[in-house]
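Worth saying up front: this structure is predicted, and the values here are computed from it rather than measured. For reference, positions follow the sequence shown, starting with 1.
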Amino acid sequence: MIRQAEVQVENDRAAVVAEPLSLGTAVARVFADLNGADFTYEANEQLITTFSLYSYRLREGGQPDRFLADVRELGLYRDDDGYADGPISSALALASRATGVRLSRSQYARPTLIGSTDHLYP
């Protein structure tokens with residue numbers, strides 16, 4: 001039985017918690033950077049499922065299909081080989097469903113960085 005749950009939103013792989021979870025604890029992690037984006041769910045010291053937001057077919061874990069119905073409903077798994085529309089927001093919705101932790105936009109929204117890249121390519 002899960003007694004404690006949390007959602008972690010990360011943009012730095014070094015920020016990933018390295019300590020094992022204790023029994024009765026679940027965590028959903030949504031990670032994204034320029035190199036990729038992942039969803040991971042762990043419960044009771046076990047990896048349940050993990051997958052790239054751009055390739056659900058390559059999922060791993062002890063129960064990789066535990067959230068298959070939700071993944072399909074949220075558009076993270078397409079039957080064709082296309083990519084999901086808005087995979088980060090869909091992954092956050094999946095994390096909320098998986099853990100029961102309600103996320104408000106203020107908990108994960110940040111200002112968009114906008115600027116010219118002309119100076120990078122003289």
Side-chain angles (χ1 to χ4, degrees):
M1 176 160 99
I2 303 299
R3 295 183 306 272
Q4 179 182 353
E6 67 181 71
V7 173
Q8 297 176 356
V9 180
E10 301 163 349
N11 62 0
D12 179 2
R13 288 232 188 254
V16 174
V17 176
E19 297 177 19
L21 296 173
S22 60
L23 290 174
T25 302
V27 64
R29 292 187 184 102
V30 178
F31 172 83
D33 71 4
L34 293 175
N35 297 315
D38 303 315
F39 175 88
T40 300
Y41 180 78
E42 297 177 57
N44 293 321
E45 300 180 334
Q46 301 294 315
L47 172 64
I48 304 302
T49 188
T50 187
F51 57 89
S52 166
L53 300 185
Y54 302 105
S55 184
Y56 183 73
R57 294 175 193 262
L58 302 177
R59 59 202 176 274
E60 299 176 355
Q63 299 174 30
D65 292 325
R66 177 184 269 191
F67 303 114
L68 181 59
D70 291 310
V71 166
R72 286 184 187 272
E73 182 180 329
L74 293 167
L76 287 169
Y77 180 44
R78 296 175 48 143
D79 291 324
D80 59 14
D81 288 330
Y83 292 125
D85 295 326
I88 302 298
S89 58
S90 293
L92 291 171
L94 179 61
S96 181
R97 289 182 185 189
T99 62
V101 174
R102 306 303 299 164
L103 295 173
S104 72
R105 184 166 174 74
S106 66
Q107 291 173 299
Y108 62 85
R110 295 193 175 129
T112 303
L113 298 176
I114 300 173
S116 171
T117 59
D118 293 340
H119 66 285
L120 299 176
Y121 306 99

Assess the residue pair Leu94 and Val71 against the criterion (side-chain contact (heavy atoms from CB on, under 4.5 Å)); give the C-alpha distance rounded to whole Å, side-chain angles, the decisive distance to 0.1 Å, and a yes or no.
CA-CA 7 Å; Leu94 179 61; Val71 166; 3.8 Å; yes
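Side-chain atoms of Pro64 and Phe51, non-hydrogen and from C-beta on, never get closer than 4.5 Å to each other. With contacts defined as side-chain heavy-atom distances shorter than 4.5 Å, the pair Thr99/Val27 does not qualify. Between Leu53 and Phe39 the shortest side-chain heavy-atom distance falls below 4.5 Å.
With sequence neighbours excluded, the residues forming a salt bridge (charged side-chain N to carboxylate O under 4.0 Å, His left out) with Arg97 are Asp70, Glu73, listed by chain and number.
Distance check, rounded to the nearest 0.5 Å: OH of Tyr77 to CZ of Arg59 gives 5.5 Å. Between atom CG of residue Leu58 and atom OG1 of residue Thr50 there is a gap of 11.0 Å, rounded to the nearest 0.5 Å. Taking CD of Glu42 as the start and CD1 of Ile48 as the end, the distance is 8.5 Å to the nearest 0.5 Å. Between Leu68 atom CG and Tyr56 atom OH the span is 4.5 Å, to the nearest 0.5 Å. Rounding to the nearest 0.5 Å gives a distance of 10.0 Å between CZ of Phe31 and OG1 of Thr40. Taking CG of Asp38 as the start and OG of Ser52 as the end, the distance is 5.5 Å to the nearest 0.5 Å.
Between the Ser90 side chain and the Leu74 main chain, a donor and an acceptor come within less than 3.5 Å of each other. Under a 3.5 Å cut-off, the side chain of Asp33 and the backbone N or O of Asn35 do form a donor-acceptor pair.
For the pair Tyr41 and Ala26, the tightest heavy-atom approach, listed with the atom from each and the gap, is OH-CB, 3.4 Å. The two atoms that bring Ile88 and Ala37 nearest to each other are CD1-CB, 4.0 Å, heavy atoms only.
Side chains of Arg102 and Ser96: a donor on one and an acceptor on the other come within 3.5 Å.
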